[in-house]
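Only one structure is covered here, and it is reproduced in the block below.
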Amino acid sequence: MKKLRTAEEAIKKIKTGDILLVGGFGLSGSPLTLIDALTEHDARELTVVSNNLGEEGRGLGRLLVSQQLKKAIGSYFTTNRDAVKAWAANDLEIELIPQGTLAESLRAGGAGIAAYFTRTGVGTELVEGKEMREFDGEPYVLEQAIKGEVSLVKALKADSLGNLYYHKTAMNFNPEVATAGDLVIAEVDEIVETGDIAPEDIGTPHIYVDYVVLNDRYIKEGGRYIEQNVGYR
Amino acid sequence: MKKLRTAEEAIKKIKTGDILLVGGFGLSGSPLTLIDALTEHDARELTVVSNNLGEEGRGLGRLLVSQQLKKAIGSYFTTNRDAVKAWAANDLEIELIPQGTLAESLRAGGAGIAAYFTRTGVGTELVEGKEMREFDGEPYVLEQAIKGEVSLVKALKADSLGNLYYHKTAMNFNPEVATAGDLVIAEVDEIVETGDIAPEDIGTPHIYVDYVVLNDRYIKEGGRYIEQNVGYR
Amino acid sequence: MNKTSVTDKVKIAQRVADELQDGDVVNLGVGIPTLIPDYLGDKSLFLQSENGLLGIGPTPPDDQVDMDLISASKKPITMSPGASLFSSSNSFAMIRGGHVDVAILGALQVDETGEIANWAVPGKDILGVGGAMDLVAGAKKIILSMTHQSKDKKPKIIKKLTFPRSGVRKADMVVTEQAVFKFENETMILTEIAEDFSIDQLKESTEANFVVSPELKTDY
Amino acid sequence: MNKTSVTDKVKIAQRVADELQDGDVVNLGVGIPTLIPDYLGDKSLFLQSENGLLGIGPTPPDDQVDMDLISASKKPITMSPGASLFSSSNSFAMIRGGHVDVAILGALQVDETGEIANWAVPGKDILGVGGAMDLVAGAKKIILSMTHQSKDKKPKIIKKLTFPRSGVRKADMVVTEQAVFKFENETMILTEIAEDFSIDQLKESTEANFVVSPELKTDY
C-alpha cells in the first residue's frame with residue numbers, strides 16, 4: 001500500500017510551530033498511536049485544534065506532559081486538569097470556540113469557504129470583537145475557517161487506496177479534520193482491500209489522505225482502547 | 001407508517017407563490033411522482049430552486065408546460081428548450097447560480113448559516129453587486145443561504161420512521177434540499193422496516209422528513225424511470 | 001425544601017419528561033437532563049447526541065460497552081432502531097439549523113426575561129463551552145432543568161445575569177424542584193408551585209420578578 | 001489544419017492525457033475532455049464527477065445502464081474499485097477546497113494571461129453555468145482542451161476576452177490541435193507546435209501574443 005507509513009515516519013513531517021488539526025471527542029476517535037509517536041518527536045510550540053485535550057496523560061493530554069504545546073483551540077478543556085494548570089501557569093494559550101462553530105470552521109477550511117455567518121455565540125464573550133450582521137432581523141456573527149499544516153485522524157479501517165471508514169460516534173470531528181490540513185495522516189486499526197468498503201460507507205475519500213498508519217500500540221478490550229506492552233519495540 | 005401520504009395529499013400543502021426546493025440532477029434523483037401530482041394541483045406562481053428544470057415535458061419540465069412557474073433558480077437551464085423559450089418570452093424569470101454555490105447555499109439554509117464567503121464566481125457577471133472581501137490576499141464573494149417553503153426530494157428507500165437511503169449519484173442535491181425546506185416531502189420507491197437501513201447509510205435522518213410518498217407512477221426499466229400506464233387511476 | 005436531594009432531581013426530571021411529546025427530537029444536556037429517559041413512560045423520543053448520533057438507545061450492560069459509541073457526556077450508549085450516524089459538522093448543522101425540537105439544559109442562572117447563563121462563572125477559569133451555545137442558538141424550544149438555588153443557597157433565577165450569558169436566545173421554560181415557570185413576551189410566569197410551598201416562600205428563593213398564572217397549579 | 005476533425009479532437013485528448021500523472025484526481029469537463037480516458041494507457045486516474053462521485057469507471061454496456069449512476073455530462077457510468085459517493089455540497093467542497101488536482105475544461109476563449117471564458121456568449125441567452133466556475137476557482141491545475149479557432153474561424157486564443165470570464169483564476173495550460181501553450185507569470189509560452197506548421201502560421205490563427213519556449217517541440 002503506497003500511503004502506508006510507520007507512525008514515526010509520518011509524524012516526522014510535523015515541524016515546530018505547526019498548527020495540528022486532530023480528530024476525536026475526548027478519547028473517542030482520537031489518533032492515539034500518532035499522538036504517542038508525536039511525543040517522541042522533537043516538534044515543539046505546536047498549536048492543536050481539537051475539541052478537547054484528551055485526559056490527563058492520555059491522548060492529546062500527553063502533549064501537555066511532553067510540553068510540546070503552545071496553544072490549544074477547541075471547545076472543552078475543563079475536564080483535563082493538566083490543561084487547566086498549564087493555562088493558569090501561562091504555559092498554554094487557550095482559545096475557546098463553541099463546539100458547532102469548531103466543526104463548521106474546520107469544514108469551511110477544507111471546503112474553500114473563508115468565513116461564514118452563524119447564530120451561535122451571538123451576544124456572548126466568545127465572539128467579542130467579531131463582526132456582527134443581521135439577516136432577516138436575526139443577529140449573526142462572522143466566523144473564520146480553520147486550516148492547519150497537518151491533520152491527524154482516526155478511523156477504524158482504511159482500504160489500500162486510503163479511503164476511510166469511521167466507527168459509530170468515533171467519527172465525530174474526523175471527517176472535517178481530514179479535509180482541512182495540508183498533510184493528512186490517518187491512523188487505522190485495519191487495512192482492507194480496495195472495494196471492501198462500500199461507496200456509501202466511505203467517510204473520507206482517499207484523495208484527502210496522504211499517509212495511513214496502522215495502530216500497533218493500542219488494542220480494544222472491553223470496548224476501550226488499551227495501551228499494549230510496548231516492550232517489544 | 002405515520003408519515004405516509006398519497007402524492008396528492010402531500011402536494012396540497014404547496015401554495016401559490018411558494019418557493020420549492022427540488023432535488024435531482026436532470027432527471028436523476030428527481031421526484032417525478034411528486035412533480036406530476038403538482039401539475040394536477042392548483043398552486044401557481046411558484047419559484048423552483050433546482051439544478052435544472054428537467055427536460056422538455058419531463059420532470060420539472062412539466063411545470064413549464066402546466067405554466068405553474070414564475071421563477072427558476074439553479075445552475076443549468078440551457079438543455080431544456082422550453083425553459084429558454086419561456087425566459088425569452090418573459091414568462092419565466094431565471095436566476096443563475098454556480099452549481100457548487102447552489103449546493104452550498106442549500107446546505108447553509110438548512111444548517112443555520114445565513115451567508116458565507118466563497119471563491120466561486122469572483123470576477124464574473126454572476127456575482128455583480130454582491131459583497132466582495134479578501135481573505136489571506138484572495139478575493140471572495142458573500143453568498144446567501146437558500147430556504148424554501150416546501151422541499152421535494154427523491155430517495156430509493158425510506159424506513160418506517162422516514163429515514164432516507166439514496167441511490168448512487170441520484171443522491172446529488174437531495175440531502176441538502178431535505179434540510180432547507182419548512183415542509184419536506186420525500187418520494188421513494190420502497191418503504192422498509194425501521195432498522196433495515198444501516199445507521200451509516202442513512203443519507204437523510206428522519207427528523208428532516210415530514211411526509212413520505214410512494215412512487216406509484218414510474219417503474220425502472222433498462223436503468224431508466226419509465227412512466228406507467230396510469231389508466232387504472 | 002431548599003436542599004437539593006436526589007428526590008428533587010428526580011422530581012425535576014419527571015416534570016420535564018411530562019412536558020415532552022411522543023416523537024420529539026430532544027437533546028439532553030449533562031446533569032439532571034440525563035435522568036429524564038427513565039421517566040418517559042411509553043412516550044418515545046428521538047435523542048440527539050451532538051457528537052454525531054440521532055437515536056440514543058438504552059445504556060448498555062457493562063460487557064457490551066463500546067467507547068466508540070458514546071453520548072456527548074462521554075457515557076457509553078447504544079443505538080435505537082432507526083438511529084443514524086453523522087459527523088460533528090452535520091450534527092451541529094442539525095442543531096443550529098433548527099431541526100431539534102427541544103434542548104433540555106442545565107443552567108447556572110436564568111434572568112426574568114429568560115436569558116440563560118450556562119457555561120461560565122466569573123472569576124473562575126473559562127476553559128469549556130462545549131455545545132451549550134449551539135443548542136441555545138438552535139433548538140426550537142429550550143427547557144432549563146435546574147435546582148432552584150445554588151449549593152450555597154444563592155438565587156439562580158434572578159433579575160439580571162451576573163454570569164456570562166450563553167447567547168441572545170432565551171429560555172421557554174424553567175423547571176426546578178420548587179416551581180415551574182414559562183416565559184411569554186419576556187415575562188416570567190409562575191405556572192406551577194410545589195405542594196406546601198407558598199408564593200411568599202418562592203419570592204424569597206427567587207430574585208427575579210414573576211407574575212402568577214391565573215391557572216396556577218399548586219400541587220407540583 | 002484549421003478544420004476541426006475527429007482526428008484533431010483525438011490529438012488534443014491524447015496530448016492532455018500525456019500531461020496527466022498516475023494517481024491524479026481529475027475532473028473532466030464536457031466535450032473533448034470526455035475522450036481522454038481512452039488514451040491513458042496504463043496510467044490510472046481518479047475521476048471526480050461533480051454530481052457526487054469519486055472514481056468513475058468504464059462506460060457500462062447498454063444492458064447495464066443505470067441512470068441513477070451518471071456523470072456530470074448525464075452519461076451512464078460505472079464505479080471503479082474504491083469509488084465513493086457523496087452529496088452535491090460535499091462534491092463541491094472537494095472541488096472548491098482544492099482537493100482536485102486537475103480540471104480539464106473546454107473554453108470559448110482564453111486570453112494571453114490565461115484568463116478563461118467558458119460559460120457564456122454575449123448576445124446569446126445566458127441560462128447555464130453548471131460547475132464551470134467552481135472548477136475554475138477550485139482545481140489545483142487547469143488545462144484547457146479546445147479547438148484552436150471557432151467554427152467560423154475566429155481566434156479563440158486572444159489578447160483580451162470579449163466573452164464573459166469564468167473567474168479570476170487563470171489557466172495553467174492550453175492544448176489545441178495546433179499547439180500547446182503554458183502560462184508562467186501571466187505570460188503565454190508556446191511549448192509545442194504541430195508538425196509542418198510554422199510559427200508564422202500559428203501567429204495568424206492566434207490573436208494573443210505568446211513567447212516561444214527555447215525548448216520548443218516542433219513535432220506535436
Side-chain angles (χ1 to χ4, degrees), chain B residues 23 25-29 51-53 72 74-80 83-84 87-88 94 96-108 111 118-127 138-140 156 166-177 179 203-204 220 222-225, chain D residues 30 49-53 56 60 62-79 83 85-98 115-117 119-120 122 124-138 163-170:
Chain B
F25 186 82
L27 296 173
S28 174
N51 193 54
N52 323 92
L53 278 179
S75 93
Y76 208 79
F77 300 115
T78 325
T79 42
N80 184 334
V84 178
W87 175 79
I94 282 189
L96 212 56
I97 302 181
Q99 194 173 145
T101 300
L102 176 65
E104 188 69 14
S105 290
L106 287 165
R107 179 190 178 277
T118 174
R119 259 195 288 261
T120 299
V122 168
T124 73
E125 291 180 12
L126 292 192
V127 303
E138 295 274 332
Y140 287 76
L156 184 65
Y166 297 107
H167 192 222
K168 299 180 181 170
T169 57
M171 177 191 288
N172 56 65
F173 291 87
N174 282 297
E176 289 82 14
V177 163
T179 65
T204 292
K220 211 167 169 187
R224 289 175 173 78
Y225 283 91
Chain D
V30 294
S49 193
E50 58 261 40
N51 54 323
L53 174 69
I56 301 181
D62 278 354
D63 62 345
Q64 283 165 45
V65 164
D66 180 352
M67 295 306 285
D68 284 355
L69 183 56
I70 59 172
S71 67
S73 316
K74 304 199 174 94
K75 298 279 188 300
I77 53 173
T78 56
M79 291 191 274
L85 292 161
F86 32 80
S87 73
S88 294
S89 72
N90 286 329
S91 185
F92 283 95
M94 191 180 268
I95 292 169
R96 206 177 37 227
E115 199 159 86
I116 305 158
W119 69 285
K124 291 207 180 173
D125 308 337
I126 301 185
L127 298 177
V129 61
M133 290 182 182
D134 303 281
L135 286 159
V136 165
F163 292 2
R165 64 177 174 174
S166 303
V168 290
R169 172 66 189 291
K170 304 192 174 188

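Throughout, protein chains are lettered first and strands after them, A, B, ... in sequence-line order, and every chain is numbered starting at 1. Computation of the quantities below employed the complete heavy-atom set of this structure, encompassing side-chain atoms and omitting hydrogens, waters and symmetry-equivalent molecules.
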Self-check item: D63(D), CG: over 12 other non-hydrogen atoms inside 6.0 angstrom
Solution: yes

Quiz item: Is it the side chain or the backbone of S166(D) that comes within 4.5 Å of chain B heavy atoms, both, or neither?
Solution: backbone

Practice problem: Just give me the residue among D68(D), D66(D), D62(D) that pairs up with chain B most often, heavy atom to heavy atom, under 4.5 Å. | Solution: D68(D)

Quiz item: So what's closer than 4.5 Å to chain D heavy atoms on N51(B): side chain, backbone, both or neither?
Solution: neither

Quiz item: What residue in V129(D), L135(D), V168(D) has the most heavy-atom pairs under 4.5 Å with chain B?
Solution: V129(D)

Quiz item: Would a distance-only check, ignoring hydrogens and angles, find a side-chain to backbone donor-acceptor pair under 3.5 Å from D134(D) to I95(D)?
Solution: no

Quiz item: Do you know which of G74(B), A83(B), A103(B) has the most heavy-atom pairs with chain D at a distance under 4.5 angstrom?
Solution: A103(B)

Exercise. Side chain from CB out, backbone as N, CA, C, O: work out which of these in S105(B) comes under 4.5 Å of a heavy atom of chain D, or both, or neither.
Key: neither

Quiz item: Taking every heavy-atom pair that is under 4.5 Å apart, which of E138(B), E176(B), E104(B), R107(B) has the most such pairs with chain D?
Solution: E176(B)

Self-check item: Close side-chain approach of K124(D) to F163(D), heavy-atom, < 4.5 Å
Solution: no

Self-check item: Interchain contact, P175(B) with chain D, by part (heavy-atom threshold 4.5 Å)
Solution: side chain

Quiz item: What part of Y225(B) gets closer than 4.5 Å to chain D, counting heavy atoms only: side chain, backbone, both or neither?
Solution: side chain

Exercise. Can you tell me which residue pairs pass the salt bridge (charged side-chain N to carboxylate O under 4.0 Å, His left out) test with a partner in residues 85-95 of chain D, sequence neighbours excluded?
Key: none

Practice problem: Look only at the side chain of T120(B) and the backbone of A137(D), and say whether a donor-acceptor pair between them is shorter than 3.5 Å. | Solution: no

Quiz item: Out of A120(D), G52(D), S89(D), G138(D), which one racks up the most heavy-atom pairs below 4.5 Å with chain B?
Solution: S89(D)

Quiz prompt | Main-chain N/O of A72(D) paired to S49(D) side chain as donor or acceptor, under 3.5 Å | solution = yes

Exercise. Output yes when a side-chain donor or acceptor of N80(B) lies under 3.5 Å from a complementary backbone atom of N52(B), and no otherwise.
Key: no

Quiz item: At a heavy-atom separation under 4.5 Å, does I97(B) approach chain D through its side chain, its backbone, both, or neither?
Solution: backbone

Quiz item: Y140(B): what forms a ring pair (Phe, Tyr, Trp, His ring centres under 6.0 Å) with it, not counting sequence neighbours?
Solution: F135(B)

Quiz prompt | Partner chain B: residue of G167(D), G131(D), G130(D) with the largest heavy-atom pair count (under 4.5 Å) | solution = G130(D)

